[in-house]
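All remarks here apply to the structure that follows.
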Amino acid sequence: MLRCSRLPPFASPVFNAFGRRWIPALWLSNQSNLRSACFYAPFCSHVPKSFKHGQRLWTRSMSVHHPSSKVTASFSSTGGSGDSRELLVQHLLVKEDDVKLLLDLQQRISGGEDLSDLAVEYSICPSKEEGGMLGWVRKGQMVPEFEEAAFSAPLNKVVKCKTQFGWHLLQVISEREESVLLDIQPEELHSKMQDQNFLNEAQLIDVREPEEVDQASLPDFQVLPLRQFGSWGPEVTTKFDPQKETYVMCHHGVRSLQVAKYLQMQGFKKVYNVSGGIHAYSLKVDPSVPTY
């Protein structure tokens with residue numbers, strides 16, 4: 001059974017250290033993102049459960065040290081082989097010396113039992129609360145042994161690997177081509193917007209609130225207020241084309257980054273976050289756009 005996380009991505013210890021627990025496969029960092037993580041909490045409160053798999057939000061390697069963490073893991077910041085796939089992975093973890101349990105679990109899985117159900121009962125990884133779901137991962141985010149096993153595993157087959165944290169039974173449920181999330185400077189966006197073909201093809205989204213849009217706005221942006229995420233979020237892949245370039249803007253570029261990362265998680269192939277938001281656009285491009 002494929003389980004959906006009841007936790008927003010940043011509340012899940014599967015992908016972050018903020019819960020004072022580390023997942024024995026992934027290491028996420030960047031202390032500067034702590035502020036963004038705090039901001040992200042109200043956004044996630046609007047996310048329907050069906051959209052909250054234990055999915056990764058941050059896609060860049062960073063560095064954080066958490067002194068109170070009893071377990072640490074690390075990963076290479078480069079993909080190495082050039083494999084551009086993203087994998088949807090679930091796993092369970094048992095202690096290195098618990099070989100008897102490991103063999104028993106393998107036999108039960110061979111007999112038809114579900115890995116996610118066994119993870120809930122037996123895994124020592126915090127992801128057990130989500131049936132062992134790690135969400136979408138890419139190369140460079142996992143310890144080498146886990147990464148090698150995951151990226152060489154056939155779809156849906158449970159395979160075994162050993163890391164410094166113990167024995168893992170992992171299963172790749174699905175795969176997709178890696179999506180791209182980039183920053184775009186206001187000057188470059190302005191230049192693109194002078195081309196009518198760009199305006200016809202690009203998807204422009206403003207996630208500010210209506211009262212903010214009343215004070216300052218750019219033409220051709222569709223307003224999807226972040227506070228109303230609960231109404232438009234579940235239908236975003238039907239209202240917009242994930243194959244088209246999508247540009248997201250807010251006041252200073254913080255809220256838009258969270259939405260851009262969410263769109264990336266939903267399979268949007270190329271997402272751009274307007275760096276500095278409409279405030280930077282006013283300062284760098286068009287002073288006639290009011291600041292507030």
Side-chain angles (χ1 to χ4, degrees), residues 1-12 14-15 36 39-60 84-90 116 130-131 133-138 141 155-156 172-184 189 192 197-210 213 218 220-250 253-274:
M1 176 175 59
L2 179 60
R3 297 171 180 268
C4 291
S5 169
R6 297 178 299 278
L7 303 174
F10 259 105
S12 173
V14 171
F15 292 100
S36 299
F39 173 81
Y40 193 72
F43 165 50
C44 286
S45 68
H46 297 289
V47 182
K49 289 182 180 179
S50 60
F51 281 81
K52 294 183 185 177
H53 338 105
Q55 288 179 322
R56 156 189 53 77
L57 262 195
W58 304 102
T59 60
R60 298 175 185 168
S84 63
R85 292 178 299 157
E86 293 179 327
L87 305 181
L88 183 61
V89 182
Q90 62 182 4
S116 61
E130 313 306 323
M133 180 59 66
L134 300 182
W136 291 99
V137 299
R138 67 182 66 178
Q141 294 181 304
L155 282 178
N156 297 313
V172 177
I173 299 169
S174 184
E175 65 179 46
R176 68 187 184 190
E177 287 301 308
E178 184 178 8
S179 57
V180 176
L181 193 161
L182 300 170
D183 281 335
I184 184 170
L189 175 64
K192 286 179 175 290
N197 290 329
F198 170 80
L199 296 176
N200 292 338
E201 291 298 323
Q203 301 175 134
L204 307 176
I205 300 174
D206 186 338
V207 298
R208 295 176 302 141
E209 302 307 312
V213 177
L218 296 183
D220 299 301
F221 272 81
Q222 181 171 344
V223 179
L224 297 178
L226 188 57
R227 289 179 184 171
Q228 298 176 25
F229 179 84
S231 63
W232 59 261
E235 301 177 358
V236 71
T237 56
T238 57
K239 289 184 177 180
F240 297 91
D241 185 351
Q243 303 302 318
K244 289 187 175 182
E245 292 187 355
T246 304
Y247 296 76
V248 191
M249 180 183 70
C250 67
V254 178
R255 284 171 289 176
S256 56
L257 178 59
Q258 310 311 318
V259 174
K261 289 182 180 294
Y262 176 78
L263 295 177
Q264 185 186 33
M265 290 191 313
Q266 300 309 313
F268 281 67
K269 296 301 181 184
K270 187 168 285 190
V271 186
Y272 293 87
N273 178 54
V274 180

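These numbers come from a predicted model, not from an experiment. Each residue takes its place number in the sequence, starting with 1.
Under the 4.5 Å side-chain criterion, counting only non-hydrogen atoms from C-beta, Met249 is not in contact with Leu204. Proximity of Phe268 to Val236: side-chain heavy atoms (C-beta onward) are separated by under 4.5 Å at one or more points. Contact annotation: the side chain of Lys270 never approaches that of Gln243 to less than 4.5 Å [non-hydrogen atoms, C-beta and beyond]. Counting heavy atoms from C-beta on, the side chains of Arg227 and Glu209 come closer than 4.5 Å. The closest side-chain heavy-atom distance from Asp206 to Leu224 is not below 4.5 Å. Tyr247 places none of its side-chain heavy atoms less than 4.5 Å from the side chain of Gln203. Side-chain contact check for Arg176 versus Trp136: some heavy-atom pair is nearer than 4.5 Å. Side chains of Ile205 and Val207 form a contact here, defined as non-hydrogen atoms less than 4.5 Å apart.
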Would you check, one step at a time, whether the test side-chain contact (heavy atoms from CB on, under 4.5 Å) holds for Val274 with Val248?
CA-CA 6 Å; Val274 180; Val248 191; over 6 Å; no
Yes or no on side-chain contact (heavy atoms from CB on, under 4.5 Å) for Ile173 and Met133, after CA distance, side-chain angles and deciding distance?
CA-CA 10 Å; Ile173 299 169; Met133 180 59 66; 3.7 Å; yes
Checking Thr246 against Lys269 for the side-chain contact (heavy atoms from CB on, under 4.5 Å) test, could you report, in this order, the C-alpha distance in whole Å, the side-chain angles of both residues, the deciding distance, and whether it holds?
CA-CA 9 Å; Thr246 304; Lys269 296 301 181 184; over 6 Å; no
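Taken from CZ in Arg138 to OG in Ser179, the straight-line distance is 5.5 Å, to the nearest 0.5 Å. Between atom CH2 of residue Trp232 and atom CD of residue Gln222 there is a gap of 10.0 Å, rounded to the nearest 0.5 Å. Rounded to the nearest 0.5 Å, atoms CG (Leu189) and CG (Asn273) are 11.0 Å apart. With rounding to the nearest 0.5 Å, the separation of OG in Ser174 from CG in Leu87 is 9.0 Å.
Considering all non-hydrogen atoms of both residues, Gly267 and Pro242 come closest at O-CB, 3.8 Å. For the pair Arg208 and Val223, the tightest heavy-atom approach, listed with the atom from each and the gap, is O-CG1, 3.8 Å. Across all non-hydrogen atoms, the minimal contact from Arg255 to Cys250 is N-SG, 3.5 Å. Summarising the geometry of Pro234 relative to Phe229, their closest heavy-atom pair is CD-O, 3.7 Å, with the distance given to 0.1 Å. Of all heavy-atom pairs between Phe198 and Glu245, the closest is CE1-OE1, 4.4 Å. What you find for Gly131 and Gln90 is that their closest heavy atoms are O-OE1, 3.8 Å.
Counting only N and O atoms by type, the side chains of Gln264 and Tyr262 include no donor and acceptor under 3.5 Å apart.
For Glu201, the salt bridge (charged side-chain N to carboxylate O under 4.0 Å, His left out) partners are Lys244, not counting sequence neighbours.
Of the candidates Leu181, Thr237, Val271, Leu263 forms a side chain to side chain contact (heavy atoms under 4.5 Å, CB included) with just one, namely Val271.
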